[in-house]
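Just below is one structure, and these are the notes that go with it.
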Amino acid sequence: MSTIKCTNVEALAGGGAPDNLLPITCSAWANFNGSGVLSIRDSYNISSITDNGTGDFSPNFAVAMANANYSVVASSKGSVGSGNNAGNRIMQLIYDSTTSGFEMISTQTAGATASDAELIYFQVFGGQ
């Protein structure tokens, strides 16, 4: 078996990654604190995240997508020990997708009430 190792992948004509890699690469992602003071732990292609209220967040892309037809995969985790089902959260709603960002709602699994989460993660694929 052969191994390919490289630091950068570039199209033959120069510029960014070859077009055939775009559908399989992550367009944007983030790991952030969604309770207390919102803070981004680490991210790619995310300029900021707006806190719209309890459990409601809007990530903003640093570089806009070519279209709003991307897919978002998200998960979250609450603070263990701070109430009934505190450690259980789901990303119930992801909507208002635009080329500049989207909105998402974190809820408790025990109900549909919006709820801040200690840890929130998301990945965006497509839209390129």
Side-chain angles (χ1 to χ4, degrees):
M1 176 186 280
S2 298
T3 301
I4 298 174
K5 295 182 180 182
C6 68
T7 302
N8 297 306
V9 176
E10 186 174 299
L12 289 175
D19 288 343
N20 63 338
L21 289 180
L22 294 178
I24 62 170
T25 58
C26 190
S27 305
W29 60 266
N31 172 332
F32 71 98
N33 175 12
S35 65
V37 176
L38 187 146
S39 62
I40 300 173
R41 290 184 186 85
D42 203 356
S43 68
Y44 169 74
N45 195 26
I46 298 297
S47 61
S48 63
I49 299 174
T50 304
D51 188 345
N52 302 316
T54 302
D56 187 345
F57 306 97
S58 293
N60 304 293
F61 300 128
V63 176
M65 299 295 169
N67 62 64
N69 300 322
Y70 47 82
S71 173
V72 178
V73 179
S75 61
S76 60
K77 175 189 172 292
S79 300
V80 176
S82 63
N84 188 28
N85 294 321
N88 301 319
R89 297 285 186 276
I90 59 171
M91 296 311 296
Q92 183 167 338
L93 302 170
I94 297 178
Y95 60 99
D96 288 343
S97 298
T98 68
T99 58
S100 60
F102 61 94
E103 188 170 359
M104 60 188 195
I105 306 283
S106 172
T107 66
Q108 288 187 341
T109 57
T113 303
S115 175
D116 282 347
E118 178 183 349
L119 304 171
I120 300 177
Y121 321 91
F122 68 84
Q123 304 83 40
V124 179
F125 292 90
Q128 301 166 328

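Of all heavy-atom pairs spanning P59 and F57, the tightest one is CD-O, 3.7 Å. Taking both residues in full, the closest heavy atoms of A74 and I94 are given as CB-CD1, 4.0 Å, listed atom of the first, atom of the second, then distance. Scanning all heavy atoms of the two residues, the minimum distance from T99 to A68 falls at CG2-N, 4.1 Å. When every heavy atom of E118 is checked against every heavy atom of R41, the shortest pair comes out as O-NH2, 3.4 Å. Nearest approach of G53 to D116, heavy atoms of both residues: O-OD1, 4.1 Å. Pairing each heavy atom of I46 with each of I40, the nearest pair is CG2-CD1, 4.3 Å.
Between the side chains of N60 and S47, no donor-acceptor pair of N or O atoms lies under 3.5 Å.
Exactly one of D51, N52, T50 qualifies for a side-chain hydrogen bond (donor to acceptor under 3.5 Å, both in side chains) with S58. That residue is N52.
To the nearest 0.5 Å, the span separating OG on S106 from CG on L119 amounts to 10.5 Å. Interatomic distance, D56 CG to S115 OG, rounded to the nearest 0.5 Å: 12.0 Å. Expressed to the nearest 0.5 Å, how far OG1 of T54 lies from CD1 of I105 amounts to 10.0 Å.
Contact of the W29 side chain with the Y121 side chain is not registered, since no non-hydrogen atoms from C-beta on lie closer than 4.5 Å. In this structure, M65 and N45 have side chains that are in contact, with non-hydrogen atoms separated by less than 4.5 Å.
Put simply, the side chain of S27 gets close to the backbone of G126: a donor and an acceptor are under 3.5 Å apart. Put simply, the side chain of T98 gets close to the backbone of S100: a donor and an acceptor are under 3.5 Å apart.
Ring-plane geometry between F122 and F32 is classed as perpendicular, the angle between the planes exceeding 60 degrees on a 0 to 90 degree scale with a lower cut at 30.
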